[in-house]
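One structure is given below, encoded as structure tokens.
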Amino acid sequence: MAKILVVTSGKGGVGKTTTSAAIGTGLALRGHKTVIVDFDVGLRNLDLIMGCERRVVYDFVNVVNGEANLQQALIKDKRLENLYVLAASQTRDKDALTQEGVEKVLMELKKDFEYVICDSPAGIEKGAHLAMYFADEAIVVTNPEVSSVRDSDRMLGILSSKSRRSENGEEPIKEHLLITRYHPERVEKGEMLSIDDVTDILAIKLKGVIPESQAVLKASNQGIPVILDDQSDAGQAYSDTVDRLLGKEKPLRFIEVPKQGFFARLFGGK
Amino acid sequence: MQTMSLNQTPDTASVFQLKGSMLAITVLELARNDLEALDRQLAAKVAQAPNFFSNTPLVLALDKLPASEGAIDLPGLMRICRHHGLRTLAIRANRIEDIAAAIAIDLPVLPPSGARERPLEPEPEVKQPEPAPAPAPAVEPQVRPTRIITAPVRGGQQIYAQGGDLVVTGSVSPGAELLADGNIHVYGAMRGRALAGIKGNTKARIFCQQMTAEMVSIAGQYKVCEDLRRDPLWGSGVQVSLSGDVLNITRL
């Protein structure tokens with residue numbers, strides 16, 4: 001049974017696209033046929049992070065509007081057999097998406113893929129709404145700072161009340177928390193919220209903590225999902241996260257602050 | 001909107017009922033005493049909205065006519081109106097000649113505009129044995145069951161327990177708002193806003209296990225986080241009650 005996963009946050013710049021690319025790639029690495037869909041119409045970035053920006057011909061909006069079929073628009077990853085990208089349009093805006101159109105595309109993708117990862121735009125407007133509306137699971141990406149936590153909290157409220165599952169009275173969207181850009185030293189100095197502070201407010205299951213890392217920026221600029229950099233702290237943290245999403249009981253090395261601090265110090269600055 | 005008054009003689013079953021009612025009635029306010037122009041302009045209006053002018057009940061308002069306009073040909077005016085589908089029920093007038101003209105043709109006269117109609121109820125308040133206890137529109141019991149929320153209340157969500165109490169078993173996030181006509185109970189961490197007794201019930205209370213609210217309010221009297229933080233009970237289990245216009249926070 002194919003699953004639709006939305007990567008969302010409310011706030012911008014927290015690492016949704018980085019996470020979508022990493023998680024999608026991680027799932028494909030583990031043998032699951034996966035497609036990552038960029039819902040950020042007008043501000044498309046996923047293709048850059050995935051390193052396929054030069055091969056975008058048709059995009060999501062073209063498919064929604066029936067100007068191209070899915071096979072034409074899906075971009076196959078050069079590194080992994082099981083990985084595809086559906087790019088957003090750069091020239092249109094979010095109003096180009098319709099609920100019916102998105103539903104049609106997602107249902108078609110569900111037939112071919114095991115995982116459909118929806119990379120949500122920031123905000124809580126139409127684009128973000130459509131990205132999460134059909135989801136079965138949600139990865140809520142949060143930075144350890146108050147405004148990001150508040151926005152994630154708002155997004156969780158929307159996930160539980162405005163999705164198709166909630167409107168049909170079905171089992172609610174399964175919510176996973178992912179804390180990104182975590183900086184153990186700054187937490188110790190009290191400049192950043194701790195994991196406990198965040199999980200206390202959001203009260204959903206923590207699936208991973210990604211440390212603030214040079215590797216992420218480097219990977220983005222090179223168009224290589226950071227999870228493929230298995231020497232990096234962030235890459236390993238994403239790997240653990242994918243395993244946990246697949247139900248593995250990974251040792252919770254990123255959940256506890258002291259261990260997290262130790263880990264980050266060990267790999268920090270690379 | 002309708003008011004009803006029963007008027008029954010004690011011995012016989014009543015043949016009629018008098019009912020007060022408010023009806024929407026078209027008023028034709030005459031500005032000038034120029035019947036030919038009126039005829040032309042009405043004809044134009046009828047052409048625009050033929051459906052509107054078919055046996056439409058009408059009150060002729062002559063009270064805005066300047067005294068200098070001279071006596072009006074009331075039967076002539078009514079003929080013109082009738083011709084265009086307007087049926088005159090009464091006139092509204094204050095000039096004595098208009099009132100006389102109306103009385104002459106047995107047409108009711110209403111008080112001039114601005115004088116709001118007073119209840120003119122021919123109601124001799126006779127004490128009488130109630131024939132049958134009229135199914136009085138009894139005041140419905142206002143108590144509704146307590147509303148219970150088991151999921152966390154997220155920022156941006158608003159939950160209102162109308163007519164009763166609100167119980168939240170999970171936590172309430174900053175930016176969330178709880179509203180109740182009665183009491184509010186929060187068993188998780190309370191970080192949002194809680195407004196109890198919002199319809200003015202000063203007896204309403206707010207109970208929380210961990211009071212870190214952005215705002216608490218009872219019957220409109222409120223305290224915001226800035227004040228609440230200074231309270232030594234910040235973060236502990238408290239109840240909030242209202243005495244006079246002071247919110248009291250006491251340990252649970």
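Within every chain, numbering begins at 1; the chains are lettered A, B, ... in the order of the sequence lines, protein sequences first and strands thereafter.
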Donor-acceptor pairs under 3.5 Å, side chain of residues 36-46 of chain A to any protein atom, not counting sequence neighbours: which ones?
| unit_1 | atom_1 | unit_2 | atom_2 | d |
| --- | --- | --- | --- | --- |
| A:Asp38 | OD1 | A:Asp40 | N | 2.9 |
| A:Asp38 | OD2 | A:Asn45 | N | 3.4 |
| A:Asp38 | OD2 | A:Leu46 | N | 3.3 |
| A:Asp40 | OD1 | A:Lys94 | NZ | 2.8 |
| A:Arg44 | NE | A:Asp47 | OD2 | 2.7 |
| A:Arg44 | NH2 | A:Asp47 | OD2 | 3.3 |

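- Options A:Ala203, A:Ser152, A:Gly157 differ in how many heavy-atom pairs under 4.5 Å they form with chain B, and the most are formed by A:Gly157.
- Between the A:Ser166 side chain and the A:Ser163 main chain, a donor and an acceptor come within less than 3.5 Å of each other.
- Note on A:Asp240 versus A:Lys248: no salt bridge recorded, every NZ/NE/NH1/NH2 to OD/OE distance being 4.0 Å or above.
- Contact detail for B:Ile218 and B:Leu242: the closest heavy-atom pair is O-CD2, 3.7 Å.
- Per-residue heavy-atom pair counts under 4.5 Å with chain B were compared for A:Ile201, A:Leu202, A:Asp153, A:Ile124, and the maximum is reached by A:Asp153.
- The contact between A:Asp200 and chain B is made by backbone and side chain atoms together, counting heavy-atom distances below 4.5 Å.
- Contacts of A:Arg154 with chain B are made by both backbone and side-chain atoms, with heavy-atom separations under 4.5 Å.
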